[in-house]
Amino acid sequence: MRLDLTILIPHLGFLAEGALLTLEACALALIGSVILGMLVAIARTSSSKWISRLAFLYVDLFRNIPFIVQLFFFYYGLPEIGIYIDAFTTGVVALSIAGGAYASDAIRAGILAIDNGILEAAEVSGLSKRVTFTRIVLPIALRTSVRPLGSVLINMILTSSILSTITLNELTGQAKIVASDTFRPFEVYVVLLVVYAALTYLVSLGITLLHRRLNRDLQEQVS
Amino acid sequence: GMLDDIRGRNVVRIGVSLGGEPIGFRDDQNNPVGYDVDVANMIATKLGVPVEFTDVSGDARISMLVSGQLDIVVANTSATLERAKSVNFTIPYNRAGLRVIVQADSGITDLAGLAGKKIVVGRGTTGETFIKTAVPTAELVYVDQFAPDGVLQLQQKRVDAAIEDSSLLDYLATKNPSLVTIPGLYSNDPISIAVAKGDPEFVRWLDMFVSDYIQSGAYAANYKKWWGETANPPELIALW
Amino acid sequence: MLKVENVKKAFGPVTVLDGVNLTVNPGEVVSILGSSGSGKSTLIRCINGLEKLNAGKITVDDFDVSKPKELAEARKRSGTVFQLFNLYPHMTALQNITLAPIEVLKRPKAEAEAEGRALLTQVGLGDRADAYPAQLSGGQRQRVGICRALAMKPRYLLLDEVTSALDPEMTSEVLDILAKLAKDGTTMVFVTHEIEFARQISNRIVFLEKGVLLVDLPTEKFFAADGGLAQPRVAQFLSKMRKD
Amino acid sequence: MLKVENVKKAFGPVTVLDGVNLTVNPGEVVSILGSSGSGKSTLIRCINGLEKLNAGKITVDDFDVSKPKELAEARKRSGTVFQLFNLYPHMTALQNITLAPIEVLKRPKAEAEAEGRALLTQVGLGDRADAYPAQLSGGQRQRVGICRALAMKPRYLLLDEVTSALDPEMTSEVLDILAKLAKDGTTMVFVTHEIEFARQISNRIVFLEKGVLLVDLPTEKFFAADGGLAQPRVAQFLSKMRKD
Amino acid sequence: MRFAEFTPYDIVLLLQGLGVTVGLFLITSLIGLLVGVLWGVVRFYRIPVLMQLVTFVSEILKNSPVLVQLFLVFFGFPAFFHVNVTPVQAAIVTLSANTAAFVYVIAVSSIESIGRDQVEAARVFGLSRWQVLRHVIAPQAAAFSIGPLTALLVNQLQVTSLISVIGVLDLAKIGATLNLRTLKPFIVWTAVGILYYLAAKAVASLGAWAEKRLRAHSAFRGL
Ligand SMILES: Nc1ncnc2c1ncn2[C@@H]1O[C@H](COP(=O)(O)OP(=O)(O)OP(=O)(O)O)[C@@H](O)[C@H]1O
Ligand SMILES: Nc1ncnc2c1ncn2[C@@H]1O[C@H](COP(=O)(O)OP(=O)(O)OP(=O)(O)O)[C@@H](O)[C@H]1O
Ligand SMILES: [Mg+2]
Ligand SMILES: [Mg+2]
């Protein structure tokens, strides 16, 4: 068989709709997971044993159970105990929760990487814990975790393909329909692969730019 | 030809759809069972070789034949002119119309009532094609397999309706009091065995098999086995 | 008055400070000498409350640093300059300097900035106020570190080997600034390896050895043959330091 | 004989070595002085073939280091001791020392180990042969680094600021070893900031400034008022170095 | 429904599913490790064309969803190249390649983590590239990479759940078929989730054990 990509031309608009849904879900889930990740990172560095233990449990659970199982649990399992959430919201929430577990690790690492001397400098200057955290710890941690957070986002885009299993017609879901309409799965999935790779490549380019912008002033100048 | 290939390999690879009772599903030992599975087993017996089942979902069954991953598909496949461009069909071994099932308390009684409602369809099934033209305003909810995904959504009342073959939905309605089918079949499709193009002899052999299946009474017996003693098997015409 | 009374400090089984007594009067410049591991940094860290004491008492203008509320007061009265500068990397030189005055002393931003700029100008960094630490040389960073401590108008300046991370050229930059401060009457407690420099600027020199304050003498006396040098450990230490 | 002839080396637009000539005869100890960034390390790295030359030629006993095959020979004849030790952290002191003799010189393991142990004993580390680098002090690590170079029985020993990562006590440990080696007639090229020490052990001192070899004089001459000190740059450099 | 209730045999089914999951995980991890390390060596030696090819392939594999890769191999390859691909074969090929891509990244970064200083030292003493790789880099890289590798493998264990979508009877697929019969997704997905969690924990503690042993063996405390 010849590789004939022209057969996909009539379906491009249809696929673009799916890509839009993918991006929408990922953008929302990114916001969700960074907020969640920040809270959990704070909780995990908290001095209260119970809070930090709870936060750890959350991270541990959602990192060690396959996303597809989490998703099925949320979408098909929860209604059994009376909790109904529509497919799109389920997808965004599930991505946020799973992403939050990874984001919290990235942010926590950023916090822990802060030089102790800087914290001591703040302490002896008489800065309160709150000021030290909001003015010094968090700004530095977020700057240094831009890259790891970027990989969380990229991972999220890839993971979002699984949302097709709970009736969402995001990019992969639409592609499946096209594949069954055209009986040309090879062309469809090759193109899909390239589209995802291009998408994540663009995202990682963006991350690099953002990282550079934010850390511009922290770089030693090579003279 | 394919017949020699199968005998040479000493196994026949049959695709069945295990996505709905009573057509095809798994028993509590995880073995495939159902109307289609019985038909497939009979084919294997007549061929004199053991069978290897593959569970094919709606969008895969045609392409897996084309690509040579399967020898035969007995998966509740409607023989449509569109599909016949890609694969060969035997004479029908079953018939089914498209049926719509709705929540009993939804008050929907006909197709017009589906406008703007949520309807479960299988990706790449005839139901999807039909509803898109018949009720363009309906909101389609896509699943890869009607069961359990579609059934669960109906049961959890997250959708208003579903469209599938009558053979599946009639059965579902009898088992589930909160669901009712709305009257009328939206097609009367021949359900056929599908094979890859390029081997007329093999199609001919399968045609003879189906004819024998109908005439020998195996058809009626199998139908009643799965849909109940009182069920009325649709009339099928043997070719031979 | 800064008073260290009979202070003991141990890390686990290791005793690092063993009954140290030290009094620093306003206007004095006291240098602390001692070999590596003798407890100099630990003493500084005890004074600014970064380490808890095992026994004894430290007061800064009569505020006991072991009591959290008084510690806050004590810290307002003392400023620390660190060996590794420890500047906030995401803030400009000026922001580094004004953060504590604004947040702790609640000074109005404009005032704090004006004072900060004045301090920077004083140390020759008037035009680098908006540079980030990474854009400054080591000596410049350390000068910002000194300004950060001075911005709180402390009565006591604690300095822990503030030049040891600098190369010779930058060291002299920073020492010049410190000499000027000393002449202007700033009270300083000064841990250093620059013996020649200590001799020039301090009123008193104390010598720590294995957590014990062996010698506490006016500078001249310390370097005199019948003073500090009479102590074999001090003589040995000084001879090694001046090898090259 | 180690010969550096008219060597030029640039990193991109920056010229780091600009026509350097240097000859080191067997048995000589040559110290290289110069301010930071003057190209001392680069010169050493050119000699052991870690950097490619832009122009000129370096030969070690007539083996041209710019030719891969000859470089291998040249490397067998010269050993390098690094500023940051660069020991293999996953190997014991002894393994660090014997790796190259076994793998490159194809010495039998037992022999290489016996010699390695002898070397370690010579530098006072006989009982630390099985310690990992992380378990050794800085001075001890540097001594292992020296043994590692000596184990190859090199005719030329290249040393690049081998004590600058050490504290004063450890520095003197290492310098003692080097002085002994010099007395035993080892040929050395020695980059250092320890001027006093350079004076004591070297036969010749060369002074690099911005990639140019400004001065190349016998040691006595170098420190004489009408010799090296007649050069303003050298005088300035020495005065700064000896400030404390 | 016909077989609506849970039966004791379901436990056997779940364990069978777990067996398939673990089996495929082991096979694909092993292949992935071998292939990934081989790619790493190609990169270390800077073999011209091969090195670019390896980088490209691993980028594509890392930057597209595993689900799409599975579809491409299972549906696309047979349609295009007319080869027969069973679900299990598709799973093995896809997961192995995917693991290899990430192992490659870990291999490269752990090689790079070893200071250039050390490599230079070894080169100055006349060791060849191969000798440097064998004696200096490999032992340290192994110790360095065991942590990231464990994290990767825990992740890959979860990725195996996606093969249920192409019909492999793994743990996730058993979950789906139990649902088809019982229509009780809450219990089913909870049970499946716990089994995955336990399996992930087992892999993680195995990794921790290996790390401890490797470190104890070479006993570098300060590193
Ligand atoms: N947090 C700590 N935990 C355990 N031991 C410590 C700690 N901080 C310091 N020590 C030990 O206390 C002793 C004194 O350390 P300190 O840093 O005060 O010495 P120092 O006189 O400042 O030396 P240097 O001149 O090298 O800076 C050392 O033996 C050190 O190892
Ligand atoms: N790999 C490199 N790329 C670009 N520039 C380099 C490189 N290595 C060294 N340089 C530059 O070459 C010049 C000389 O460096 P070199 O390390 O030889 O100086 P040095 O005399 O050893 O100084 P120091 O006493 O500080 O070690 C410096 O300006 C340095 O920045
Ligand atoms: Mg100290
Ligand atoms: Mg150098």
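Throughout, protein chains are lettered first and strands after them, A, B, ... in sequence-line order, and every chain is numbered starting at 1.
Both the backbone and the side chain of E:Thr190 come within less than 4.5 Å of a heavy atom of chain A. Neither the backbone nor the side chain of E:Asn179 comes within contact range of chain A, judged by heavy atoms closer than 4.5 Å. Neither the backbone nor the side chain of A:Asn155 comes within less than 4.5 Å of any heavy atom of chain E. The parts of A:Ser161 that come within reach of chain E are both its backbone and its side chain, each placing non-hydrogen atoms under 4.5 angstrom from that chain. For A:Ile162, the parts lying near chain E are the backbone and the side chain together; criterion is any non-hydrogen pair under 4.5 Å. There is no contact between E:Phe74 and chain A, counting heavy-atom distances below 4.5 Å. Residue E:Glu59 does not touch chain A at all, counting heavy-atom pairs closer than 4.5 Å. For E:Lys62, the part sitting under 4.5 Å from any heavy atom of chain A is the backbone (N, CA, C, O) and nothing else. For A:Ser204, no part sits under 4.5 Å from any heavy atom of chain E, backbone or side chain. Both the backbone and the side chain of A:Leu61 come within less than 4.5 Å of a heavy atom in chain E. Neither the backbone nor the side chain of E:Val73 comes within contact range of chain A; no heavy atom of the residue lies under 4.5 Å from a heavy atom of that chain.
Residue with the most contacts toward chain A among E:Ala199, E:Ala200, E:Ala204, E:Pro185: E:Pro185 (heavy-atom pairs, distance under 4.5 Å). Put simply, of E:Val192, E:Leu162, E:Val154, the one with the most heavy-atom pairs under 4.5 Å next to chain A is E:Leu162.
At least one donor-acceptor pair closer than 3.5 Å links the side chain of A:Thr200 to the backbone N or O of E:Asn63. Checked by atom type and distance alone, the side chain of A:Glu80 never pairs as donor or acceptor with a backbone atom of E:Leu183 at under 3.5 Å.
Closest non-hydrogen pair, A:Phe186 versus E:Leu72, comes out as O-CD1, 3.7 Å. Of all the heavy atoms in E:Pro65 and A:Tyr196, the pair that sits closest is CD-CG, 3.3 Å.
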Applying side chain to side chain contact (heavy atoms under 4.5 Å, CB included), run through E:Gln158 and A:Ile68 and close with a yes or a no. CA-CA 9 Å; E:Gln158 293 168 38; A:Ile68 196 170; over 6 Å; no

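Taking the side chain as every heavy atom from C-beta outward, A:Ser164 and E:Leu67 approach each other to under 4.5 Å.
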